[in-house]
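Report on one structure; see the data block that follows.
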Amino acid sequence: MKRRSTLSLLALASVSALTLAACSSGEATAGGEGGGGGGEAATTFKIAFNQNAEHPQAQALTELGEKLSEATDGKYSVEVYPDELLGAQADTIEQVQSGTIEMAVVAGSLLESFNPDFSVVNLPYLYTSAEQQMTVLNDESITGELFDSLEGDNIGILAAYHGGVRNVYTTDGPVKTPADLAGQKIRVIGSDTNVKMMELMGGVGTPMDQGEVYTAIQSGVLDGAENNELVYSSMAHDEVAPNYSKTQHLMMPDFLIVNPTVLESMDDESRQALVDLVADSVDTELTLFGEAVEKATAEAEAAGATFTEVDVDAFREAVLPLHEQLVTSETQRKVYDAIMAAD
């Protein structure tokens, strides 16, 4: 996979206000700012994360921190703050922008509020596999212009991470074709695009906070929901909606964002080490995610859930009109065409 170049990332930093000190929230172990040996301070960058410490992304980032410390002789490291300890994702984006924290992992859909062109990477049935998704999204020649568009908002994107493959799960039998979803109320992410997606898939898209889904399915307010296997098992949705149908309709990426002045503050060698290790962490996270899916699937099956293969082509064909409706700008078309052409 191609890596974002250090020069490109440093260019993001150069346009940010110098008053946003990169180490304003970094933890120093001794006097001095951001240094290594010779009595200077070691700097630990905070990474906000909204899920638990066992999540593949958290594990990959923790490993990154250890390797960064080793590569920079203790000058730099990162610390992951899981379980929304630093706030919900939307809040942590603001904290990264202001320099209160250095980095955060955020859902791709949240970046649409800064630039609507980001909707192109969140389309249903866009990617052929998780591996292809990570390759194209982390290829600067494909997404560099899109990612760099956030520089004026004090947001740099270090990497895209795999956020899982979303599938439909229901209370009453498997969903093998769009006709099987007719009239069924399915919880979706709260956006017009996702409501429309579920409508085209045959169901009734119903936005709802994740924490309310279990009770809503249990009480009959919802007929089901859609999410990846990790959420399905960890939130015990397998107890109330035991039919997990592998529609594979959506792979929404997550992004590791950074305040650009973090990169500006680092010496060239340390910055390059961070960039390289972030790229390596994408592969690590993808491997860990695959292992976690296998474990979650086994746990859900042990709890009584049934996993069913479906007519994916029928769902894909039903949803494809969304692509033409939503790919409207020149940037979106460029990214879309490159992704569709990639192996």
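Each residue takes its place number in the sequence, starting with 1.
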Ignoring hydrogens and geometry, is there a side-chain-to-backbone donor-acceptor pair from [X] to [Y] under 3.5 Å?
{"X": "Glu199", "Y": "Gly205", "result": "no"}
{"X": "Asn243", "Y": "Thr170", "result": "yes"}
{"X": "Glu264", "Y": "Pro260", "result": "no"}
{"X": "Asn167", "Y": "Thr247", "result": "yes"}
{"X": "Gln89", "Y": "Leu110", "result": "no"}
{"X": "Glu285", "Y": "Pro56", "result": "no"}
{"X": "Thr143", "Y": "Leu137", "result": "yes"}
{"X": "Asp267", "Y": "Glu269", "result": "yes"}
{"X": "Ser98", "Y": "Gln95", "result": "yes"}
{"X": "Ser77", "Y": "Gly65", "result": "yes"}

Do [X] and [Y] sit in one hydrophobic cluster, given that two such residues count as connected whenever their side-chain heavy atoms are within less than 4.5 Å of each other, even indirectly?
{"X": "Val282", "Y": "Leu286", "answer": "yes"}
{"X": "Val231", "Y": "Val213", "answer": "no"}
{"X": "Leu150", "Y": "Leu263", "answer": "yes"}
{"X": "Leu181", "Y": "Val204", "answer": "no"}
{"X": "Met134", "Y": "Leu250", "answer": "yes"}

Please name the pair of heavy atoms, one in [X] and one in [Y], separated by the smallest distance, quoted to 0.1 Å.
{"X": "Glu63", "Y": "Thr284", "result": "OE2-OG1, 3.7 Å"}
{"X": "Met251", "Y": "Tyr127", "result": "O-CE1, 3.4 Å"}
{"X": "Ser270", "Y": "Leu68", "result": "O-CD1, 4.4 Å"}
{"X": "Ala160", "Y": "Asn138", "result": "N-OD1, 2.9 Å"}
{"X": "Val136", "Y": "Ile339", "result": "CG2-CG1, 4.0 Å"}
{"X": "Ala273", "Y": "Thr72", "result": "CB-CG2, 4.5 Å"}

Measuring from [X]:[atom1] to [Y]:[atom2], what's the distance to the nearest 0.5 Å?
{"X": "Leu61", "Y": "Phe45", "atom1": "CG", "atom2": "CZ", "value": "14.0 Å"}
{"X": "Met266", "Y": "Lys75", "atom1": "CE", "atom2": "NZ", "value": "8.5 Å"}
{"X": "Ile155", "Y": "Ser149", "atom1": "CD1", "atom2": "OG", "value": "9.0 Å"}
{"X": "Lys46", "Y": "Leu85", "atom1": "NZ", "atom2": "CG", "value": "11.0 Å"}
{"X": "Leu158", "Y": "Leu64", "atom1": "CG", "atom2": "CG", "value": "9.0 Å"}
{"X": "Leu320", "Y": "Tyr125", "atom1": "CG", "atom2": "OH", "value": "9.5 Å"}

Provide the full list of salt bridge (Lys or Arg N to Asp or Glu O under 4.0 Å) pairs with a residue in residues 212-231, sequence neighbours left out, each pair given once.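 Sorted result for residues 212-231: Arg166-Glu226, Lys185-Asp223.
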Is the shortest side-chain heavy-atom distance between [X] and [Y] below 4.5 Å?
{"X": "Val195", "Y": "Val188", "answer": "yes"}
{"X": "Ser281", "Y": "Tyr161", "answer": "yes"}
{"X": "Gln332", "Y": "Asp117", "answer": "yes"}
{"X": "Leu111", "Y": "Ile157", "answer": "yes"}
{"X": "Met235", "Y": "Tyr214", "answer": "no"}
{"X": "Val175", "Y": "Gln184", "answer": "yes"}
{"X": "Val121", "Y": "Pro253", "answer": "yes"}
{"X": "Leu256", "Y": "Ile47", "answer": "yes"}

Flag yes if more than 12 heavy atoms outside [X] fall under 6.0 Å of its [atom1] atom; otherwise flag no.
{"X": "Asp172", "atom1": "CG", "value": "no"}
{"X": "Gln210", "atom1": "CD", "value": "yes"}
{"X": "Asp192", "atom1": "CG", "value": "no"}
{"X": "Gln325", "atom1": "CD", "value": "yes"}
{"X": "Gln218", "atom1": "CD", "value": "yes"}

Under the 4.5 Å side-chain heavy-atom rule for ILVMFWY, direct or indirect, which residues accompany Leu230? Phe289, Val293
According to the interplanar angle, ranging from 0 to 90°, do the rings of Phe147 and Phe255 count as parallel (below 30°), tilted (30 to 60°) or perpendicular (above 60°)?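 Perpendicular.
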Could you label the plane-to-plane angle of the Tyr232 and Tyr169 rings as parallel, tilted or perpendicular, counting under 30° as parallel and over 60° as perpendicular? tilted
Out of the candidates Thr92, Leu86, Asn50, only one should pair with Tyr81 under the side-chain contact (heavy atoms from CB on, under 4.5 Å) rule; please name it.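 Output: one option passes, namely Leu86.
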For Met198 and Val168, what are the C-alpha separation, side-chain angles and deciding distance, and is it a side chain to side chain contact (heavy atoms under 4.5 Å, CB included)? CA-CA 10 Å; Met198 186 52 59; Val168 169; 4.2 Å; yes
Residues Val275, Val278; criterion side chain to side chain contact (heavy atoms under 4.5 Å, CB included); working and verdict: CA-CA 5 Å; Val275 170; Val278 166; 5.9 Å; no
Selection residues 82-109 - residue pairs positive for ring-ring contact (aromatic ring centres under 6.0 Å, His included), sequence neighbours left out: none
Trace of the side chain to side chain contact (heavy atoms under 4.5 Å, CB included) decision for Val106 with Val96: CA-CA 11 Å; Val106 300; Val96 168; over 6 Å; no
Side chain to side chain contact (heavy atoms under 4.5 Å, CB included) between Met252 and Ile189: does it pass, once the steps are laid out? CA-CA 11 Å; Met252 292 185 67; Ile189 298 170; 3.5 Å; yes
